[in-house]
Every structure is written in C-alpha cells, then in structure tokens.
Amino acid sequence: MTNINKVIDSIIILCFGCFYLLYNTTYPIDQLNNPGPGIFPFVVGSILVILVIYQLIKTLKEPPSKRKLKDSFFNFKFIKGLLTEGQKPKPFFLGIGLALYIFIIKWIGFYISTFFFVIFSSRLMGAEDLKKPTVLAMGINIFCYLLFNVILKLSFPRGILF
Amino acid sequence: MSVLSFLLIALQPVNVFACFLGAVVGTLVGVLPGLGPAAAMALVLPATLKLGPTAGLIMLAGIYYGSMYGGSTTSILVNVPGEPASVVTTLDGYAMARKGRAGAALAIAAIGSFIAGTISVIALQLFAPLLARTALAFGPAEYFALTILGIILLSNLTGKSRLKSLIMILIGLILSTIGIDPVGGVERFSFGSVSAQGGISFIAITTGLFGVAEVFSLMSEEKKDLELASVRFRELYPNTEEIKRSIAPIGRGSILGFLIGLLPGPAATIASFASYGLERKLSKRKEEFGHGAIEGVAGPEAANNAASGAAMIPLLSLGLPFTPATAVLLGGMLLHGITPGPLLLRDRPDVFWGVVGSFYLGNIMLLVLNLPLVGIFARIVRVNPKYLMPIVLILCLIGAYHDNNNFFDVWVMLASGVAGYFLRKYDYEPAPLIIGLVLGTIMERSFRQTLIISRGNLSGFWESSLSATILILALVFLILPILLRLLKIFKFGNSKSILNK
C-alpha cells in the first residue's frame, strides 16, 4: 500500500467524519443533565475526526514511497486494474449487474430476475457455456420456492408473471 | 416428584419429537442469513399450541439454540454469517475452509457448541436465581463502562493496525445512530427516508460486508484451477492437534459466554467477539489468527452457545427476556398459560425442568445432527466458485430482504458489499465495524441515561465501585500495549548500546 493511497483513504474517511459532524449540528446537544440527540454523534464523530487526522499526520511523516502519483488511485490505469481482472471485466460489472437485478426484481418478480442474474453472474465468473448456468438458475429457483414459499411461508416480490 | 423425574419429562416421546423438530428448524434458520431465531419462533408459535405447554416450549427452545449451531456453517463455508453471533467465526473458520480444513472447523464448532451448551445448562440449573440477581446490579453507568471495555478489548481483534480497527469501530457506532434515537425518539440521519427510520439493518450490513464483498474479492483474485482430489474420510474431521488446541478455548469460551449471556442485549454476539479477543491474546500462535487458527473458531462458537443458554436464566427465573428470541419465548409461555418468574419453579416444576431437560437432549441431538453432515458441508467448499458464488449472492439478497421485507435493506447490502470490497483493498477489517454497530445503541442509551441520572455530573460514570472497576480495567488494557511497546524499545535500546560497547 503506497503512501499516497494511505493518504487518500484517510482523506475520504475524514470527509465522511466532517460531513457527519456538520449534519449533526441540526440535532440539539442540549445540557449535560438532559443530553439531546446530537450529543452522542458529536462525541463519536469528533473522536473519529481526531483519529483520522492523527493517522493522516502519521502517514505523511513516513518516508515517501518510491511509487509516484501516476500509479496512485486517481490514475486511470490503477482504477482499471482495481476494477477488472486482466482483460475481463469482473467486480465492476458484477456490481452493475447486481444493482440492475435488485432494480428489476420489483418489476418482473423474484424468480424471473433471479434466473437471468444467476446465468449472468455465473458466466461472468467464468462458466464457459449456458447449459450449466441455466440448470443452476432453475435449481436455485426451485429450491427458493420450496424452502421459502412452501416450508417457511415467506413470500418474494411478485412481478408480471409470478 | 424429584428433580430427576422432572428432567426425565424431556424424554417423553412427544417432547423428544418436539425437541428434534425445533433443533432441525433452528439449524436451518441459523444457516440461512436473515432468518433469525426470533422470526422462526414467531412463525411456529401457533403450531406449538397444539403440542401442549411443555412440548411447545421445548420446540421453541430447540429453534433458539439450534440457530446458534447452524449460524457457523455458512460463516465457515462461504464467509457469510448466518447469525450475528457467527460473524467472528468468519475470520478463521473461512480461512480454514480455504485451506481445505472446512470439515475440521465445522466439527470443532459443533463439538464446542455442544460442550458450551451443556455447561451453560448445568450452570443454569445450579445458579439461576443468584446469577439473575447479579445481572440486575448493572445499571446504565455499568453498561457504559462495559461497552468502553468491550471496544478497547476488541479494538485489536485481528492483530492488524489498532488505529484502523478503532476507526472502523467508530464508523460502526456512527452507523448505529441512523434511525430513531434510543432515548428521545428523535429521527436522525435518515435524510427523509422512511425505510431508514428503523435504522440500518444489521443483517444487510453483515451479508454485504462479508458475503458480497467476498464475492467481489474472489473475482479480483488470480484464477486458480480448483484441485478436485478426493478427500479421505478421516481428513474431514479435526486431527489430534486441532482437538488438543481447542479444549482450553472451548472451556474459556463457555465460561466467558455464560457470564456475558446474563446481560441484556446482543450478548451472544458480544460474547463471541470477546472470546475471539481473549483467545488471540492468550495464544502462542498469534500470527495464525485471521489465517485459520482453530482457537478462533472453538472459543467464539462455545461462547455464543453458552451465552444463549445463559439468556434463559433471567427469562425463567425472573420473567425478563433479554433478547428478541427470549421475548418470543416469553410470548409463547404466556400463550400457553405459563407465567415465567420466581414462582415458575414452585408452581410449574414440570415445565421448568422439562425445558431445562430439553436443553441437555437438544444439545445431544444437535451434535448428532451436525457431525455427520460435516462431510456434506465440507464438499460445498469445493464447488467451483463460478457456480457457488451466484448462490451466495442470492442467499445474501434473500437474507437482507426478509429482515424487514424491504428493498432498502437490499440496497444497503449492495452498498456494504462495495464498501467492504474497497475497505479490504485499503487494509481495513470489517469485523470491528460490526462491533461498533452492535454496541452503538447500548452505549448511547447508557451514556445518556447516566448523564440524566447524575444530573449532568460526569462523576456519575465512575461513582459505583462496579463501573469504576470496569473503567480502570479498560484503562489498563488501553495503556498496557503502549507500555509493553515502550518497554521493548527501552530493552532493545539498552541491549544495542551494550553491544556497541
């Protein structure tokens, strides 16, 4: 982990902490004998900001790493490497796929969207053909139906068909 | 009738059947993330009315402790904790599975749970009234001191950067402030979202941080061809060394879990984390923790089972449920016309001892059920990730959705998964965040209540001898590592100067 990446992660958390403290000003702290809803978030947020600043200072005092800014988080090559594995898109596209799946469940129902998502994710993770992912998708749907609908009596969102 | 004859009530055929059914349902509920024991017990409550009070309560109790057994299965196999109390098992259990020792981890978890469950039932029988009275001595100041102690003890859980762990705990505490304020009832940090008013779903966060993030991480690792060599039967179970190394952690976990289980709140979860921290501190193989140390599975699994047994003490002897699951059990008792409390033992000894007897029986049943399944479960790990990971993702989604039947929680799961993936890239461990999330509400409530009781006087936090003792302990554990490090530097500096001379 290069220094510049350590600095960036501390800055991100520092921004989060500062935003939290700023938003917390909308809640009253009141008096100590009758503490308001803002007091605990204020204490926790302040400690977080202090610790992160300490971490940031500690990181900046470390000897500079040999890797330069061009290899840091903000470099496109690094981002691409972080999000993909070699030439094949992986975590990024799985994340997009998962988000789409969650979005469409409400419209086309759990079983249909699960069927397509399982095939998509299995292929993304390296399944060579469509046969096994299709069988897997059907198997998961049947298992979910039997276990959750029939035995546990828990329902899934229904869509246009079922 | 003697106590023994009442205990033998549990061996009546209808009660044995009820115990078995409860244990199976409980194990299944524990395996599946999102379906907690409280929800499962509430679902079968109407069915238990047909069985009669003793059998009905035995079945409910079976679900309760069965879920503790089952929660470790998915933690070990696919890094998705089935129950909050099994979160810490993912740290070493999953690492053992990746090394091909899934069977050993599962078996030790089952054996540890059995021993701890049995110990807690014996202790329940012997110490019920006395221990319940001690637990009631804990007021807000004592609880706050305990949460401080917990944070300090558990801030070095994984042995990596303590500062980063503390930062993650604080982020967990921050997340726990989302929703309704526990003292004043004010809505906070929900940004107008109705779904966020109830707070962040614990299940959504854990399935995201551990399950979804793990899938993302696996995808970004270098692909290795899975070796599908056959595994010999005797390699499925723990070897002699693993058993030897597990004995002391199981003993310690049982005692620690039992004591923590007497307190209200998510005691099983806290007990499992506390046990992990303790085992790490005491171990001569600290470097193994996080990479497949058997002690990291044995201790926490024993602790969470012991804690769930201990939670029955305030319920049975005082009629006070300290957890959502025991609250459902209380509801079941009331439906059956049984009033738990100090008079239960006198008025309905058949129910009291029947339920206690079922704990012994249930523990044996769960061990008998789980151990043979270890071989089957261990083979799940060897399924190719391209087929296993979609199943993991679907289970995580189902778990997150069914917690509150709300899509907001599913989005939280996805966001936690993405965050968890980047946190790992930047060497931030997710487990401390869970500690903060679990302790946050208790900490805030006890903090503000102490201030109210002491009328704004900060000395209220250390006024009682119990809270002062706990705070001093916390201070000692905070300063001790720093002092030890300074001592090492001083010794090293001295020996260096002697060498130079």
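In what follows, every heavy atom counts, from backbone to side chain, and hydrogens, waters and symmetry copies are set aside. All chains are named by letter (A, B, ...) in the order of the sequence lines, taking the proteins before the strands, and each is independently numbered beginning at 1.
Contacts between A:Ile13 and chain B at a heavy-atom distance below 4.5 Å involve the side chain alone, from C-beta outward. In this structure, chain A has heavy atoms under 4.5 Å from both the backbone and the side chain of B:Ile167. With a 4.5 Å cut-off on non-hydrogen atoms, A:Phe120 does not touch chain B at all. Contacts of B:Gln449 with chain A are absent, with no heavy-atom separation under 4.5 Å from either backbone or side chain. Of the atoms belonging to A:Gln31, not a single heavy atom falls under 4.5 Å from chain B. For A:Ala99, the parts lying under 4.5 angstrom from a heavy atom of chain B are both the backbone and the side chain.
A 6.0 Å sphere centred on OH of A:Tyr145 holds no more than 12 heavy atoms belonging to other residues, nucleotides or ligands. In this structure, A:Phe42 places its CZ atom where only 12 or fewer heavy-atom neighbours from other residues, nucleotides or ligands lie under 6.0 Å away. Counting heavy-atom neighbours within 6.0 Å of B:Phe407 CZ, excluding the residue itself, gives a total above 12.
Taken from CG in B:Asp427 to CG in A:Asp9, the straight-line distance is 8.5 Å, to the nearest 0.5 Å. In this structure, CD1 in A:Ile50 is found 10.0 Å from CG in B:Leu170, a value given to the nearest 0.5 Å.
With hydrogens and angles left out, the side-chain atoms of A:Tyr27 and B:Asp181 include no donor and acceptor closer than 3.5 Å.
Relative orientation of the A:Phe19 and B:Phe191 rings is parallel, given thresholds of 30° and 60° on the angle between their planes. In this structure, B:Phe447 and A:Phe40 have tilted ring planes: the angle between them lies in the 30° to 60° band.
Taking chain B as the reference chain and counting heavy-atom pairs below 4.5 Å, the highest number among A:Asn34, A:Asn24, A:Thr114 is found for A:Asn24. In terms of heavy-atom pairs under 4.5 Å with chain B, the best-connected choice from A:Ile102, A:Leu136, A:Val44 is A:Ile102. Ranked by heavy-atom pairs under 4.5 Å with chain A, the first of B:Val410, B:Ile453, B:Val215, B:Ile174 is B:Ile174.
The minimum heavy-atom distance between A:Pro35 and B:Arg448, with the atom names listed, is O-NH2, 3.3 Å. Heavy-atom minimum distance, A:Pro91 versus B:Phe216: O-CE2, 3.6 Å. In terms of heavy atoms, A:Ser122 sits closest to B:Lys386 at OG-O, 2.9 Å.
The side-chain heavy atoms of A:Ile105 and B:Leu397, taken from C-beta on, include a pair separated by under 4.5 Å. Between B:Tyr426 and A:Ile12, every side-chain heavy-atom pair lies at or beyond the 4.5 Å cut-off.
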Test log, rule side-chain contact (heavy atoms from CB on, under 4.5 Å), inputs B:Ile391 and A:Phe143: CA-CA 11 Å; B:Ile391 299 173; A:Phe143 172 78; over 6 Å; no

Step-by-step side-chain contact (heavy atoms from CB on, under 4.5 Å) determination, A:Leu94 to B:Leu393: CA-CA 11 Å; A:Leu94 180 65; B:Leu393 287 174; 4.1 Å; yes

Intermediate values then yes/no, side-chain contact (heavy atoms from CB on, under 4.5 Å), B:Ile394 and A:Phe110: CA-CA 10 Å; B:Ile394 300 298; A:Phe110 173 79; 4.2 Å; yes

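For A:Phe156 and B:Tyr401, the distance between ring centers is not under 6.0 angstrom.
By the 6.0 Å and 45° rule, A:Lys132 does not stack over the aromatic ring of B:Tyr387.
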